[in-house]
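For ligands, and for the atoms within them, numbers begin at 1 and follow the listed sequence. Start at 1 with the first residue, then count along the sequence. Keep in mind it's a predicted model, so treat the numbers as computed, not measured.
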Amino acid sequence: MRLGVIGTGYVGLVAGAGFADFGNDVTCLDIDAARIGALKRGEVPIHEPGLPELIADNVRARRLRFTTDYDEAVADADVVLLCVGTPPAADGSADLSQVLAAAAAVGRSLRSDFTVVVNKSTVPVGSAERVRDVIAAASDRPFAVMSNPEFLKEGSAVEDFLRPMRVVVGVGPGSGPARGALGTAAAVDERARVVARRLYAAVVRTSDRMLVVDARSAELIKYASNAYLAMRVSFINDIARLCDRIGADVELVRRGMGMDTRIGPSFLFPGVGYGGSCFPKDTRALLSIARSIGLDLPLVEATERINAQQKQLLFGKLCAHFGVRPEPEREASQAQPLAGKTIAVWGLAFKPETDDVREAPALVLIEQLLDAGAKVQASDPVANQRAAEAIQAARPGLHQRVSFFDDAYEAAAGADALCLCTEWRAFRQPDMRRVAKLLRGGAVFDGRNIWDGDQLRELGLKYECVGRPQREVP
Ligand code: NAD
């Protein structure tokens, strides 16, 4: 099949390279000319394991190319995938401007006898109809719009795309004015269904993991799934807070819970809150959808509230350690209570194996530290550059107080405390003897519960984590 992929971010690049790998002829488009220029030179603008190899193989096989020209990507395509961003608007709703602009541009370039426009971006319920109307206003060619939410996870996106747990396809209601040329709306939808089956034939071959539903249900499946997973994270974080107060160990509690097959072990890891480009924005967008029709979703609201609170956890622990009050309890005379302190932060990406720092807990911590007057020595295996850009944008006057290190031990040198925000593999078993010698102050705050508290205490370090009792070394 001939495919046009609109947007070359985490979803578009992986989908484009993945579909090319199945033998399709794929043209990826972006309005970011610098990004397309880099891709044409063989540079991959995001960190995603396995992606550079997948792209290189398929470019070499001439099944994958890059362009900024909509005609080139869309005119002859059987299928066009919309993979542009849907960032949060100021009120929490999903900002659909990229999707609608891309849809209009696609409409202007349609030339085929029949094109299926597949929306992979995460969009509010009813968006397929809006996309259909925008395309119909720009084109008189036959087309259908399909909702096909993407469930890949950054860090394992290639694997998730090539071997998905499920493929959800939302079809209908028909296409725009071209419907007449193809018969009834039902006939258009049936033709779109056939295209969807062909598109995903390679991934549903061994077991049929494709669920075909109506477009509105497909759109909601994506939001409901992310909100549910986010809710599990917030739930265990709530239990961790309780454990902290009553002397139970949340690591044992989560293991005991996860042994129940009705509960399962996934997404029950306590920490410093969830971040990234999906959970935070999708829970807020779901709340906004409900609000727009006057409905409350108290579980989702609590999920979001608990997460915001959890992102303050390490800063609160640091303030307690240094004997200062966290905001808003702080008095004006204490405006910069951590002035003179240097804090090392390990892990800046919102999770391991990605360079994505959108809504990363580490950035919330660093911004709080800067506001409180501290200096920060930060280190991430791949996200230093993106974090530096994000912090500069968020705290333009203060960002000079953050230094970035490729070597995590250099970041720890001379610091008054070390905070771990992302559980990268390289941080799982660091040389803690070396860390103990490098730190000026002997305090370690483990925001992901990956270190051995007893070992650190034996080295003379103060150790705190999330929801585990603090035992003294006899
Ligand atoms: P991204 O921000 O990484 O990439 C979006 C790309 O679209 C950018 O390169 C941008 O330049 C391009 N773009 C914007 N407007 C355009 C236009 N009019 N024409 C062509 N290109 C345009 O986004 P992402 O993380 O890949 O996410 C894309 C969508 O998929 C979002 O709706 C997101 O919620 C959803 N999603 C993301 C993930 C994830 O893990 N990142 C997973 C599942 C679903």
When you compare ligand 1 with [X], is there at least one nitrogen or oxygen pair between them that comes in under 3.5 angstrom?
X   : result
D30 : yes
D32 : no
V11 : yes

I'd like to check which ligand 1 atoms, numbered from 1 as shown, lie under 4.0 Å from a non-hydrogen atom of [X].
X    : value
Y70  : 17 (C), 18 (N), 19 (N), 20 (C)
K222 : 43 (C), 44 (C)
I6   : 19 (N), 20 (C)
T86  : 31 (C), 32 (O), 34 (O)
L29  : 20 (C)
K281 : 33 (C), 34 (O)
G85  : 5 (C)

Side chain R386, main chain V357, donor-acceptor under 3.5 Å: no
R284 with E304: basic N within carboxylate O range, under 4.0 Å: yes
salt_bridge(R197, D208) N-O dist < 4.0 Å: yes
Value rounded to 0.5 Å, distance of CG in L398 from CG in L370: 5.5 Å
Best match, V14, I31, L100: closest heavy atom to atom 21 (N) of ligand 1: I31
Per atom 43 (C) of ligand 1, closest listed option by heavy atom (E150, Q98, R358): E150
Where at least one partner belongs to residues 21-73, residue pairs that pass ring-ring contact (aromatic ring centres under 6.0 Å, His included), sequence neighbours excluded: none
